[in-house]
There are 2 protein chains.
Amino acid sequence: MNAEAEVLFLNESFYHVFRQRDLTMMARLWADRLPVACAHPGWPAIAGREEVLDSWKAILTNPDAPDVSCHGAQAFVCSRDSAFVVCYEKVGDSVLVATNVFAREMGEWRMVHHQAGPCNVSPLSLDEEPEAGPLQ
Amino acid sequence: MNAEAEVLFLNESFYHVFRQRDLTMMARLWADRLPVACAHPGWPAIAGREEVLDSWKAILTNPDAPDVSCHGAQAFVCSRDSAFVVCYEKVGDSVLVATNVFAREMGEWRMVHHQAGPCNVSPLSLDEEPEAGPLQ
């Protein structure tokens with residue numbers, strides 16, 4: 001599997017874990033040693049593994065948190081050891097655009113950053129094209 | 001200069017070029033050969049150098065576009081050849097949180113991705129701490 005396919009697979013795993021609300025797997029997806037950050041929609045950025053995982057714990061254990069699905073993921077490989085994925089998140093009736101950054105840590109791809117923010121894409125367009133999405 | 005300082009410098013250059021509305025320098029900051037993407041606030045993501053630079057042309061040549069300033073930039077080095085910066089953008093009376101991804105292309109750091117989205121940080125807090133910013 002090439003780097004592009006590997007990070008797209010990891011990106012899918014991230015949203016699977018998000019939907020399953022599996023904090024243990026979420027912790028495994030994120031890098032252990034590399035510096036990490038996260039910017040949840042509407043909030044200031046968070047830096048550091050402990051702080052980032054605390055924020056995911058708050059989200060994944062919140063019974064009112066809506067379901068999320070990932071659409072139109074596209075991978076951009078920056079180097080042998082780093083890549084990012086841009087995709088759309090359908091969260092309830094809203095659509096967010098997301099950047100997920102991945103890097104190899106001890107040879108394994110791990111997540112090092114996530115940012116999601118609102119975007120003016122219709123959730124219906126995501127339903128129609130669950131694989132392709134509206135990346136221009 | 002280490003990688004962290006190098007990408008922080010490039011991040012500053014990006015906002016300088018943004019403020020100066022210098023499309024030639026903006027084109028130089030972005031990678032030529034590596035795949036690039038960009039997610040402007042509220043809009044779907046854009047992929048490809050030509051498409052990304054076209055979007056910057058529309059912004060930089062728009063006389064109504066407000067000024068932007070960068071605050072609280074923090075660098076996260078992923079590998080020898082890749083890093084990202086998280087920072088805050090003061091745009092008029094709003095604050096955006098931004099991710100800027102950089103990668104080395106032929107040995108030189110270039111921008112490969114930018115995402116900015118709204119966040120609930122007071123612009124006043126940025127005025128008070130122009131260097132530190134509210135990164136948590």
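Chain letters run A, B, ... following the sequence lines, proteins first and then strands; every chain starts at 1. These values consider heavy atoms only, across backbone and side chains, with no hydrogens, waters or symmetry-generated copies.
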Problem set entry | Nearest-0.5 Å distance that lies between atom CG in A:Leu34 and atom SG in B:Cys78 | 6.5 Å
Exercise. Highest number of heavy-atom pairs under 4.5 Å with chain A: which of B:Ser79, B:Pro35, B:Ala75?
Worked result: B:Pro35
For this session: Can you tell which part of A:Ala39 gets under 4.5 Å to a heavy atom of chain B, answering side chain, backbone, both or neither?
Result: side chain
Is it possible for you to say whether [X] and [Y] belong to one hydrophobic cluster, with membership spreading through side-chain heavy-atom contacts below 4.5 Å?
X       : Y       : value
A:Val86 : A:Val77 : no
A:Ile59 : A:Leu29 : yes
A:Val85 : A:Phe9  : no
B:Val91 : A:Trp43 : no

Exercise. How about B:Arg19: does its CZ atom have over 12 heavy atoms from other parts shown lying under 6.0 Å from it?
Worked result: yes
Exercise. Would the number of heavy atoms belonging to other residues, nucleotides or ligands and lying under 6.0 Å from CG of B:Asp93 be above 12?
Worked result: no
Exercise. Would you find a donor on one side and an acceptor on the other, under 3.5 Å apart, between the side chain of A:Tyr88 and the backbone of B:Pro44?
Worked result: no
Seminar exercise, completed: Listed by number, the residues in residues 95-120 of chain B that come under 4.5 Å of chain A (heavy atom to heavy atom) are B:Val97, B:Ala98, B:Thr99, B:Val101, B:Ala103, B:Val112, B:His113, B:Gln115, B:Ala116, B:Gly117, B:Pro118, B:Cys119, B:Asn120
